[in-house]
Amino acid sequence: MMNVFCKTLLASALATATLASAHAADPLTVYGKLNVTAQSNDIQGESETTIQSNASRFGVKGAFELSSSLEAFYTVEYEVDTGDDSKENFKARNQFVGLRGNFGEVSVGRNDTMLKKSQGKVDQFNDLSGDLKNLFKGENRLAQTATYVTPSLSGFKFGATYAASGDSDQLEQDGYSLAAMYGDSGLKKSPIYASIAYDSDVKGYQVARATVQGKLAGFKLGAMYQQEEKVYAYDEEGVVNPFDGDSYSGYLVSAAYTIDAIVLKAQFQDMEEKGDSWSVGGDYKLGKPTKLFAFYSSRSYESKTEDDNFIGLGLEHKF
């Protein structure tokens with residue numbers, strides 16, 4: 001059923017795109033990307049080779065002008081797992097509707113939290129085996145959210161996400177995710193991007209995060225510092241109770257350097273009492289929407305005796 005629905009959605013979007021309303025603030029856009037790697041994965045001494053998808057996706061988005069000062073906008077996006085044995089390989093990603101105007105923008109639905117959004121592009125191995133989510137909590141996309149983001153105020157933006165207790169990931173608690181951000185995360189409109197963010201009772205955790213990224217002598221340099229603490233958990237009987245856990249801290253540093261069509265990348269991450277990870281790799285741009293890339297990632301857990309190692313060669317095409 002999911003495959004049939006998604007095929008119908010895509011067909012409808014393509015048809016609608018050709019008949020975009022004159023009132024649309026932005027024509028309806030069909031977009032996505034395919035990111036697929038051939039990998040050798042060595043996990044706790046067990047090796048396998050895979051041809052795997054890395055958050056490949058497709059979606060539709062658009063905006064509609066309601067008045068001279070107000071517009072509606074929406075996004076409906078699905079992950080497509082090309083490496084899943086099942087043909088039912090669609091998974092929900094961001095799916096929300098909202099309003100924007102001089103007051104900023106508000107949206108409701110399934111969405112990334114503000115803490116997750118606040119990382120910008122500091123993670124040079126996002127969606128790959130070296131993704132920061134493997135050691136840091138807080139990379140959350142929740143089904144029942146309401147998010148508000150202010151207009152840009154001299155380069156600053158502030159945002160808040162409310163996570164409803166009815167969301168099954170929320171352990172019966174209302175949660176909040178807050179962020180203050182400065183600059184352009186793509187480093188195209190400003191030479192520096194910085195943010196601070198905080199999660200309260202989001203998926204059972206409290207998380208504080210600070211991120212900075214900037215350009216220096218041809219390099220893109222980034223850093224992140226995080227503190228996290230588990231505050232709610234299920235007990236042996238499946239009942240949610242407060243969890244009196246320790247607070248742990250960690251950091252990440254990343255760098256990228258561009259030489260013509262080649263981007264060289266490196267990253268190191270460490271989380272107290274959990275482990276560390278390092279990655280190196282490179283991208284080769286074949287054209288604006290398409291790149292070849294390769295990477296090597298190694299992750300060490302303090303609770304395990306052997307490291308996990310990943311080597312991959314991949315192709316990404318955006319549309």
Side-chain angles (χ1 to χ4, degrees), residues 55 75 77 92-96 98 104-127 130-150 152-153 155-171 173-187 192-213 222-233 243 245-254 267 269-272 274 277:
T75 292
E77 184 177 291
R93 287 178 58 87
N94 289 333
Q95 300 170 349
F96 54 82
E105 63 179 48
V106 60
S107 59
V108 290
R110 183 187 302 272
N111 209 345
D112 295 338
T113 64
M114 286 306 307
L115 183 135
K116 181 180 181 182
K117 293 178 181 179
S118 75
Q119 71 159 274
K121 297 183 178 180
V122 71
D123 185 357
Q124 292 292 342
F125 295 87
N126 184 47
D127 293 332
D131 193 307
L132 68 83
K133 69 182 179 183
N134 292 300
L135 292 178
F136 284 5
K137 296 294 182 181
E139 297 299 288
N140 298 316
R141 176 181 299 119
L142 298 172
Q144 299 185 27
T145 69
T147 297
Y148 170 70
V149 180
T150 69
S152 179
L153 307 168
F156 288 91
K157 280 190 176 183
F158 303 89
T161 298
Y162 164 70
S165 59
D167 190 312
S168 59
D169 285 331
Q170 273 301 106
L171 282 69
Q173 310 299 314
D174 289 323
Y176 302 89
S177 183
L178 310 173
M181 301 156 287
Y182 174 78
D184 167 33
S185 61
L187 300 180
I192 190 169
Y193 171 79
S195 68
I196 54 174
Y198 179 72
D199 273 2
S200 174
D201 300 344
V202 176
K203 291 188 74 170
Y205 279 83
Q206 288 184 350
V207 178
R209 173 182 289 182
T211 304
V212 64
Q213 190 175 25
M224 177 185 289
Y225 175 78
Q226 176 158 314
Q227 287 186 329
E228 58 187 51
E229 179 182 356
K230 192 173 186 178
V231 290
Y232 284 98
F243 186 89
D246 293 328
S247 176
Y248 300 109
S249 61
Y251 67 93
L252 174 149
V253 290
S254 65
Q267 186 162 291
Q269 182 183 10
D270 180 87
M271 174 52 73
E272 184 181 8
K274 187 177 291 187
S277 172

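Note that this is a predicted model, so its numbers are computed, not measured.
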Legend entry - Stepwise side chain to side chain contact (heavy atoms under 4.5 Å, CB included) test for F96 and N94: CA-CA 6 Å; F96 54 82; N94 289 333; 3.8 Å; yes

Legend entry - Shortest non-hydrogen separation from K116 to Q119 and the atoms involved: O-CG, 3.2 Å

Legend entry - Minimum-distance pair of heavy atoms, taken over all atoms of A233 and F243: CB-CD1, 3.9 Å

Inset, instruction - State plainly whether the residues E229 and K137 are in salt-bridge range, i.e. N to O under 4.0 Å. - result: no

Legend entry - Polar side-chain atom of D167 near backbone of A143 as donor-acceptor pair, under 3.5 Å: yes

Inset, instruction - For the residue pair K274 and Y248, establish whether any side-chain heavy-atom pair is separated by less than 4.5 Å. - result: no

Legend entry - Reported OG1-to-NZ distance for the pair T150 and K157, which is rounded to 0.5 angstrom: 7.5 Å

Legend entry - Matching residue for M114 among T161, V202, T145 - test: side-chain contact (heavy atoms from CB on, under 4.5 Å): T161

Inset, instruction - Scan for salt bridge (Lys or Arg N to Asp or Glu O under 4.0 Å) pairs involving residues 173-187, sequence neighbours excluded, and state none if there are none. - result: none

Legend entry - Flag side-chain contact, heavy atom, 4.5 Å: L142 against R110: no

Legend entry - Sidechain-backbone polar pair: E272 side chain, S249 backbone, donor-acceptor under 3.5 Å: yes

Legend entry - All ring-ring contact (aromatic ring centres under 6.0 Å, His included) counterparts of F156, not counting sequence neighbours: Y182

Inset, instruction - Would you confirm whether Q170, through its side chain, and G204, through its main-chain N or O, come within 3.5 Å as a donor-acceptor pair? - result: no

Legend entry - SB check R141 D112 (cutoff 4.0 Å): yes

Inset, instruction - Starting at CZ of F158, measure out to OG of S195 and round the result to the nearest 0.5 Å. - result: 12.0 Å

Legend entry - Side-chain donor/acceptor of E77 to backbone N/O of R93, under 3.5 Å: no

Legend entry - Main-chain N/O of L171 paired with Q173 side-chain donor or acceptor, under 3.5 Å: yes

Legend entry - Partners passing ring-ring contact (aromatic ring centres under 6.0 Å, His included) against Y162 (at least two apart in sequence or in another chain): Y176

Legend entry - N134 (side chain) donor-acceptor with D131 (main chain) under 3.5 angstrom: yes

Legend entry - Shortest non-hydrogen contact between E228 and V207, atoms and distance: CB-CG2, 4.0 Å

Inset, instruction - Mind listing the closest non-hydrogen atom pair of Q227 and S247 along with its distance? - result: CB-OG, 4.4 Å

Legend entry - Side-chain H-bond candidate by donor/acceptor type, D199 with S177, under 3.5 Å: yes

Inset, instruction - Determine yes or no for a side-chain-to-main-chain donor-acceptor pair under 3.5 angstrom, with D123 supplying the side chain and L132 the backbone. - result: yes

Inset, instruction - Working to the nearest 0.5 Å, report the span between OG1 of T211 and OH of Y225. - result: 12.5 Å

Legend entry - Heavy-atom pair of closest approach, residues F136 and Q226: CB-NE2, 3.6 Å

Legend entry - L178 atom CG, neighbour heavy-atom count above 12 within 6.0 Å: yes

Legend entry - Shortest non-hydrogen contact from T147 toward N111: OG1-ND2, 4.3 Å

Inset, instruction - Using a strict 4.0 Å threshold on nitrogen-to-oxygen distance, state whether R209 and E139 make a salt bridge. - result: yes

Inset, instruction - With side chain to side chain contact (heavy atoms under 4.5 Å, CB included) as the test, would you mind laying out the steps for Y205 and V231 before giving the verdict? - result: CA-CA 5 Å; Y205 279 83; V231 290; 5.6 Å; no

Legend entry - From K121, Q267, M224, residue fulfilling side-chain contact (heavy atoms from CB on, under 4.5 Å) relative to S254: Q267

Inset, instruction - Measure from the side-chain N and O atoms of S118 to the backbone N and O of A197, and report whether any donor-acceptor pair falls under 3.5 Å. - result: no

